[in-house]
Visitor: 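Have a look at this one before I ask anything.
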Amino acid sequence: MIVIALSWIILLLFFIPTGMVAKSFLKIQTTDNYLPIFLGIFLQCVGLCIFSFFFKIGWVVFLFNFLMVIGLSVWKSKEIKSSLKEIKADIQTLPKISKIILATIFVFALFKCAQSPFIIDNESYYVQTIKWINEYGFVKGLANLHIYLGQNSPFHVLQAGFNFSFLTDRINDINGFLLVFSSVYFITEFEKRHSKNAETHWIGFIPIFNILFFQFINAPSPDLSIILVSQILFYYFLDKDNSLDSFKIVTLLFLYLIFIKITIAPLGLLVIYLLHFDKKRFSFLLIFGSLTSLILILKNSIITGYPFYPFYILPLEKDWKIPQQLLEFIASRTKSAGYIKVGSLNNASLLTKLNSWLHLGGINRVFNIGMLVLFAFGLFINKIQQQIKYKILYLILGIHFVLLLLTSPQFRFFLPEFVFLSVLALSTLFNYFKMNSQWVRFTLLTGIILPLIAVPFIDYKNFTANKLHQHKEKYNWYQILIPEKNSKYAEIPFEKIKEGNLDYYSPKENFFFYGTANGDIPCVNKVQVEYFKNYYYIKPQLRTSDLSDGFYSKSILNNE
């Protein structure tokens with residue numbers, strides 16, 4: 001816990017100066033002292049991605065980044081001190097209960113981040129993606145080795161820049177920092193609005209979902225960043241003025257979201273709505289939208305051979321381009337995952353798929369049915385009925401949800417709208433019954449603390465049939481100082497296997513078809529390699545004798 005707390009302090013020391021410079025360079029006038037930190041996260045993410053085209057993100061890049069940040073800190077020292085002083089004042093003026101809420105979130109977040117990661121995607125490609133970036137940067141055709149490595153989210157690049165891989169393999173906790181910092185933002189904004197007009201604003205209810213958020217924070221999942229930052233995007237869209245500065249902030253928040261996960265693209269309609277045929281706004285969107293798009297296109301081209309991955313369009317005619325049948329395989333699995341957990345729905349009608357989706361068990365059913373109920377209830381919420389921006393947001397969230405229903409309706413993809421509509425409904429009920437502010441704070445405190453205390457007693461078998469997600473983490477006293485390693489399968493043995501010109505490492509225990517945990521690179525499960533050899537007649541191979549030159553998929557005969 002102590003080591004993680006120190007790493008979060010270091011993150012602040014990097015993000016604040018970077019964000020201050022971004023705010024100054026972009027000429028954004030705002031009294032929001034928290035915004036520069038979000039801008040700093042985005043700018044660091046973009047900068048580290050650019051470095052990844054040319055260098056490995058190791059100690060040299062970290063040192064360069066550190067020296068640059070020192071220079072920026074000296075340059076912007078007065079503004080940084082002023083901003084930190086105001087943030088401190090915000091926290092000091094909070095009611096006692098709100099301070100207890102934030103202290104509780106901070107301590108529990110440190111406690112959770114000190115444990116082994118919960119999310120199974122961490123064991124299939126999060127750790128390995130970050131490891132490749134740390135040791136080689138972006139590698140040509142990396143998706144040919146392990147198809148999930150084709151995703152290579154810029155969020156993982158950001159994590160690679162601050163996981164201190166040259167010192168330890170125990171720090172992958174930017175999500176924990178994001179949760180704590182976002183909670184400070186949500187609570188302080190809630191209190192400011194309440195003291196100003198006695199409004200019980202929806203933004204203060206977001207931490208109630210911490211029982212859900214906490215499942216993400218000890219793994220470098222882009223999903224948590226999507227959920228948290230999208231709420232800030234909604235807040236700026238709905239409750240800030242229509243100035244050019246607000247437009248810039250909304251645009252940058254959206255660009256950060258789509259930069260780390262393409263599934264959030266429909267929210268771009270919010271930015272388009274705010275354009276107002278203004279040349280300055282259009283130019284801002286064009287310049288920075290083009291920059292982020294160019295980075296994504298180049299990254300996808302290098303790693304998969306498809307500039308618009310996961311779409312098939314305009315593939316590069318390069319030897320490292322992943323075979324289309326491999327791309328179709330993973331696309332089919334991703335689509336099916338939203339409708340059914342076991343078996344296949346090939347050639348099934350949309351109605352059959354939606355019926356299957358609606359009858360999924362466990363936690364899926366809770367969110368799937370809950371989402372439908374929330375959209376129905378939203379029609380009766382006064383703000384959505386009476387305020388144009390709320391109507392627009394409701395409509396755009398509906399478009400996003402429908403598109404997911406038609407493609408891959410995994411509940412984690414529509415959590416941004418689930419969280420927003422839930423907290424909007426809660427705040428509406430509290431305002432309708434004119435609940436005392438102290439009752440609101442006690443409700444928040446209870447809604448945050450009780451679920452977190454109850455977590456150790458939860459039987460995960462009631463929520464998921466996935467045995468990999470049913471495992472409970474062990475608590476050890478040494479976690480107070482040193483966190484667990486970045487993989488829950490850190491002790492699993494690996495074997496070295498030769499496949500043509502490729503020597504790769506595979507877990508001896510087939511705990512998961514895509515599982516690689518924290519094996520030495522290049523790492524892929526031998527079961528996966530054999531599967532693609534037997535059914536698709538391809539196998540991963542080195543392009544040259546140098547691992548940094550990447551991989552290609554070699555076509556083989558049926559009897560090879």
Side-chain angles (χ1 to χ4, degrees), residues 4 7-19 21-22 36-66 68-69 72 113 117 119 121-122 125-138 149 151-182 216-230 232 252-262 264 288 291-292 295-296 298-300 303 486:
I4 292 171
S7 73
W8 290 353
I9 292 172
I10 293 173
L11 289 177
L12 270 178
L13 296 177
F14 274 81
F15 294 152
I16 292 177
T18 307
V21 171
I37 300 178
F38 290 109
L39 293 180
I41 292 171
F42 185 21
L43 193 59
Q44 283 285 340
C45 191
V46 170
L48 288 169
C49 280
I50 293 173
F51 270 101
S52 296
F53 288 110
F54 309 101
F55 310 101
K56 65 179 182 179
I57 307 300
W59 72 269
V60 174
V61 170
F62 181 85
L63 179 61
F64 175 82
N65 199 359
F66 176 70
M68 181 185 68
V69 165
L72 298 179
C113 287
I119 299 176
D121 284 347
N122 187 70
Y125 72 102
Y126 289 176
V127 172
Q128 288 292 319
T129 297
I130 293 168
K131 200 165 188 173
W132 276 101
I133 295 167
N134 281 141
E135 298 190 24
Y136 289 96
F138 293 145
L149 296 178
Q151 297 188 39
N152 222 300
S153 170
F155 184 80
H156 293 137
V157 180
L158 178 69
Q159 182 65 82
F162 296 99
N163 66 347
F164 312 100
S165 62
F166 45 88
L167 297 175
T168 180
D169 61 355
R170 297 174 183 268
I171 303 293
N172 265 344
D173 301 294
I174 284 183
N175 269 335
F177 168 83
L178 279 171
L179 177 67
V180 171
F181 176 68
S182 296
F216 293 91
I217 64 173
N218 57 355
S221 169
D223 293 312
L224 183 62
S225 196
I226 292 291
I227 300 167
L228 294 174
V229 177
S230 65
I232 299 169
L252 291 171
L253 291 173
F254 167 70
L255 289 178
Y256 169 72
L257 293 175
I258 196 172
F259 194 52
I260 63 175
K261 196 151 192 175
I262 192 69
I264 207 72
F288 293 98
L291 174 62
T292 53
I295 293 173
L296 288 177
L298 291 175
K299 174 188 72 72
N300 291 337
I303 295 168
N486 58 18

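Positions are given from 1, in the same order as the sequence printed here.
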Visitor: Counting N and O atoms only, with roles assigned by atom type, does the side chain of N486 sit under 3.5 Å from a partner on the main chain of D169, one being a donor and the other an acceptor?
Guide: yes
Visitor: Below 4.5 Å, heavy atoms only, C-beta onward: do F181 and W8 meet side chain to side chain?
Guide: no
Visitor: Applying ring pair (Phe, Tyr, Trp, His ring centres under 6.0 Å), run through F164 and F62 and close with a yes or a no.
Guide: CA-CA 8 Å; F164 312 100; F62 181 85; 5.5 Å; yes
Visitor: What distance do C113 atom SG and I217 atom CD1 have between them, rounded to the nearest 0.5 Å?
Guide: 4.0 Å
Visitor: Using side-chain heavy atoms (C-beta onward) and a distance below 4.5 Å, is I16 in contact with P36?
Guide: no
Visitor: For atom CZ of F166, decide whether the heavy atoms of other residues, nucleotides or ligands shown that lie under 6.0 angstrom number more than 12.
Guide: yes
Visitor: For the backbone of V61 and the side chain of N65, can you confirm whether one donor and one acceptor N or O come within less than 3.5 Å of each other?
Guide: no
Visitor: Quick check for you: to the nearest 0.5 Å, what is the distance between L228 atom CG and L224 atom CG?
Guide: 4.0 Å
Visitor: Measure the CG-CZ distance between L158 and F259 for me, rounded to the nearest 0.5 Å.
Guide: 10.0 Å
Visitor: Let me see the working for W59 and F64 under side chain to side chain contact (heavy atoms under 4.5 Å, CB included), right down to the final yes or no.
Guide: CA-CA 9 Å; W59 72 269; F64 175 82; over 6 Å; no
Visitor: Taking K261 for the side chain and P222 for the main chain, is one N or O donor matched with an acceptor at less than 3.5 Å?
Guide: no
Visitor: Checking Q159 side chain against I174 main chain: does a donor-acceptor pair fall under 3.5 Å?
Guide: yes
Visitor: Could you tell me whether the side chain of L149 reaches within less than 4.5 Å of the side chain of W132, counting heavy atoms only?
Guide: yes
Visitor: Do N152 and K299 make a side-chain contact, defined as non-hydrogen atoms from C-beta onward lying under 4.5 Å apart?
Guide: yes
Visitor: Answer yes if the side chains of Y256 and T292 hold a donor-acceptor pair under 3.5 Å, and no otherwise.
Guide: no
Visitor: Do F38 and S182 have side chains that approach each other closer than 4.5 Å (heavy atoms only, starting at C-beta)?
Guide: yes
Visitor: Considering all heavy atoms of both residues, which atom of L257 and which atom of S225 are nearest to each other, and what is their separation?
Guide: CD2-O, 4.0 Å
Visitor: Test V157 against C45 for side chain to side chain contact (heavy atoms under 4.5 Å, CB included), laying out the working first.
Guide: CA-CA 7 Å; V157 180; C45 191; 5.7 Å; no
Visitor: Going by distance alone, is a donor N or O of one side chain under 3.5 Å from an acceptor N or O of the other, for D173 and N218?
Guide: no
Visitor: Mind checking the CD1-OH spacing from I133 to Y136? Nearest 0.5 Å is all I need.
Guide: 14.0 Å
Visitor: Let me confirm one number: the CZ-CZ distance from F162 to F177, rounded to the nearest 0.5 Å.
Guide: 10.0 Å
Visitor: Flag the pair L296 / P154 as yes when at least one side-chain heavy-atom distance between them is below 4.5 Å, and no otherwise.
Guide: yes
Visitor: With a 4.5 Å cut-off on side-chain heavy atoms, are I41 and L178 touching?
Guide: yes
Visitor: Take atom NZ in K131; do more than 12 heavy atoms of anything else shown fall under 6.0 Å from it?
Guide: yes
Visitor: Would you say the side-chain atoms of N175 pair up with the backbone N or O of S221, donor to acceptor, closer than 3.5 Å?
Guide: yes
Visitor: Quick one: are I295 and F53 in side-chain contact, heavy atoms under 4.5 Å?
Guide: yes
Visitor: Closest approach of A160 and N134, non-hydrogen atoms and distance?
Guide: O-ND2, 3.0 Å
Visitor: State the CD1-SG distance between I260 and C49, to the nearest 0.5 angstrom.
Guide: 10.5 Å
Visitor: Carefully, step by step, assess F288 and F42 under the rule ring pair (Phe, Tyr, Trp, His ring centres under 6.0 Å).
Guide: CA-CA 12 Å; F288 293 98; F42 185 21; 8.6 Å; no
Visitor: Is it the case that the side chain of H156 and the backbone of P220 share a donor-acceptor pair, with hydrogens and angles ignored and the cut-off at 3.5 Å?
Guide: yes
Visitor: Assess the residue pair V69 and Q44 against the criterion (side chain to side chain contact (heavy atoms under 4.5 Å, CB included)); give the C-alpha distance rounded to whole Å, side-chain angles, the decisive distance to 0.1 Å, and a yes or no.
Guide: CA-CA 11 Å; V69 165; Q44 283 285 340; 4.1 Å; yes
Visitor: Could you go through the side chain to side chain contact (heavy atoms under 4.5 Å, CB included) check for I4 and S7 one step at a time?
Guide: CA-CA 5 Å; I4 292 171; S7 73; 4.2 Å; yes
